[in-house]
Amino acid sequence: MSNRLHRTINDMRLKRLKRILKRIQRYERPFEQLSDEALQQKTALFRQQLLDKKTTLDALLPEAYALVREASRRVLGMFPKEVQVLGAIVLHEGNIAEMQTGEGKTLTATMPLYLNALTGKGAYLITTNDYLAKRDYLEMKPLFEWLGLTIGLGFVDIPDYEYQRGEKRYIYQHDIIYTTGGRLGFDYLIDNLADSAEGKFLPKLNYGIIDEVDSIILDSAQTPLVISGAPRVQSNLFHVVTTFVQTLEENHHFKMKQTKKEIWLTQRGIEAANAYFGVPNIYDAPYFDLVRNINLCLRAKYLFENNTDYFVYKGEVVLIDRITGRMMPGTKLQSGLHQAIEAKEDVQLSMDMSVMATITFQNLFKQFNEFSGMSGTSHLGEKEFLDLYTKIVVEIPTDRPIQRIDYPDRVFKNVEDKNVAIIERIQTLYAEQRPVLLITRTAEMAEYFSAALFELDIPNNLLIAQNVAKEAQMIAEAGQIGAVTVATSMAGRGTDIKLAPGVPELGGLAVIISEHMENSRIDRQLRGRSGRQGDPGTSQIYISLEDYLVRRWGDLKALKMERLEQYDSATLQQSKLFQSRVRKTVQRAQRLSEEQGVKTREIANEHEKSISIQRELVYQERNRVLQFKNLDDVHLEKLALEVFEEVFDHTHFTASEWVNYIYRNLSFQFKDRLENIDLRDRKVVTEYLVSLFKQQLAYQKQHLDDYFYTHFVQRAILKAIDSNWIKQVDHLQKLKNSVNTRQNGKRNPIFEYHRVALESFDNMTDAIKRDIVKYLCQSITHTDENDDLVVHFPN
Ligand code: ADP
């Protein structure tokens, strides 16, 4: 879309919003005159009107927003500005509001939160980390309480806190909840593992606002939330295979895509593997695990870089979030990849845990009846928001015009020259006492600059993979006279750099970025650290041909490097042609990287589709079972008959095999030899089995009263669903990795994935039914001293 068209569309949208703003403003004067009590009474009034269906949220919006504005003025001493109100309308409408840093998104969100909480169905504000959630919660608490709504923090802010029974239910019953995507996501998964209706605590998700929406939805798309279960059987192949992989040569034994996302063995590589491991053909069925290991170790060696994707810390491989540069302790790559990297780095292999439950942020947010988002840089992800969620991005103008100057990139031939220039520039700025924020891509570079500056007697704050609370403090100090802050790109998401007195006169904060990031959205976020609320400021990115982005994505041939070799840096520095070529190369590299990002997310979404459909079905079924009051609608005999018919149709059991089957699935006490039964007659056999099944049920019933019997059946069904669903989730997770790796001319991998996923779902459904029969027949029940039902399930 052309820029002009883009502007026109946005202006049209704003025009409509401004008409609503006018209606809000009509309440402004009258509300100023009202007493506190008169204003406070309105909440109950609104609620009653909604309850009586006399009004709708849309109709209430103008008056409700006006009320929040007036309340905010009285309670917090801040009157939401017009642009904030415009953003607030977008948020109520379920779209995405792009608002620059410092424009006051926290206050903006209070209006739609208040309005949507009036229904009593819950309104959520979702941020990226605990610290921000808590900070915003504490800041806005007095406002909501003044208005007569309850507000809660979505978690207890104590490490490894153990929740008491009922505590989470209490948390989630607040009108308004401030939390993080991770906290909510895990609670969603845990809630769906509850073994009784009383154990459930999460209400149906009603309305949510996602702060930094692009970061949560787009950048974190690759790391789904995972609840781990039992350890998987560990492969002992990693070390040998790692040694083998070291003998391989690129292009000869294996090939890699330029994008470094895919890697595969060539025919020569396959032969080398056959010879090394002394097998006829590694792709033969018995060597499935070997091939999987080779793929994992190849990927570990060539697609994952130490210090970029992970680093080794106290003998452990710790992942790094590529975008923010933060460490992600406790997060592990799935399905053996983490172990392959550990083998590569020669540290102790950790346990590979099976996956019990998983969900991506995309699908978590789709659970909401309505959600909206805000961020400083959403419009660069506009197309994806529309495709994925049918949400539009509305760019809200800043309250005061942006004064920041974004200088064109400074171009260098190599990193050394560039670093020297950066340090010189900081020296100059420091001499002027202008605050500087230097942002690097990696922690290593940040450390390097910090040390180099100290050598020159320039004191500075170094901000890398630190705890977020300290981060906020350092960022808060970054606007002081003469302050120098060196940080990775994580710096100050959602925290504000305020300028100290005298700094605006010096030109405001100078942001220097030591290289382009993989995504222009991130570049923009970084520039936006300067120039908040109409402050003066500057930003500039320094680039060189040795930058990571160029190495990974760039096409250096197009630059005719050999010809460049004859010139020294100083000469090239003067050449306009050289400069524009390098800029183009970097831009192209960034575009490629962005496109790859979009593509990877598309694939992730495709994979997620199968899992998500299956999860919905399973969770629905679970909830239905949890709701059982009695067993009137549960046709256990029919279910058993289906199971027996299936067994009959797929086996040709002899009499002793049938006895064995009965012994393992129906009754331990079975004594008959089945001599009087025609084992070729389907009807006879299955009816006989059903009669045994009924006997067993009758036996169970003898021990339990109606209430406990219902409870027992419920537990048995849940147990069957859960144990099989957990296996299925783990299976799908592994399937993703095995279908992903390109193998000798397979069909469309996504299609193949969906096909296999569906097939395995059908198998799972059958397995659930088989287990229900077995659990009903072979469990042992009793009641404990508290008169609670205890069930021992068979293995
Ligand atoms: P953002 O998240 O958009 O970067 P914040 O919500 O952190 O911005 O707000 C930035 C600062 O502006 C905060 O200190 C906040 O208290 C202040 N602020 C926001 N709205 C107003 C307002 N209407 N009047 C006065 N100060 C405001």
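In listed order, ligands and their atoms are each counted from 1. Sequential numbering from 1 along the given sequence is applied to the chain's residues.
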Under 3.5 Å between any N/O of [X] and any N/O of ligand 1: does that happen in this structure?
X	result
R135	no
R532	no
T101	no
M78	no

Apply side chain to side chain contact (heavy atoms under 4.5 Å, CB included) to R69 and V85, showing your working. CA-CA 9 Å; R69 281 179 102 191; V85 177; 3.4 Å; yes

Does K204, at its NZ atom, have more than 12 non-hydrogen atoms belonging to other residues, nucleotides or ligands within less than 6.0 Å?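 Counting neighbours around NZ of K204, more than 12 heavy atoms of other residues, nucleotides or ligands fall under 6.0 Å, so yes.
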
When you check the gap from the basic side-chain N to the acidic O, do E518 and R441 get nearer than 4.0 Å?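 No, E518 and R441 are not salt-bridged.
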
Do Y548 and M445 come close enough that some side-chain heavy atom pair is under 4.5 Å?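 The answer is no, as the side chains (C-beta and beyond) never meet within the 4.5 Å cut-off.
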
Less than 4.5 Å apart, any side-chain heavy atom of V394 and any of L17?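 A side-chain contact under 4.5 Å exists here.
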
Given G87, G104, S375, identify the one with the heavy atom nearest to atom 8 (O) of ligand 1. G104

What atoms of ligand 1 come closer than 4.0 angstrom to any heavy atom of K498?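 What qualifies from ligand 1 is 14 (O).
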
Please identify which atoms of ligand 1 are closer than 4.0 Å to at least one heavy atom of Q100. 3 (O)

Would you please determine whether Q84 falls within less than 4.0 Å of ligand 1 on a heavy-atom basis? yes

Modelled atom types, side-chain donor and acceptor of N460 and S450, under 3.5 Å: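 The answer is yes; a qualifying pair exists.
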
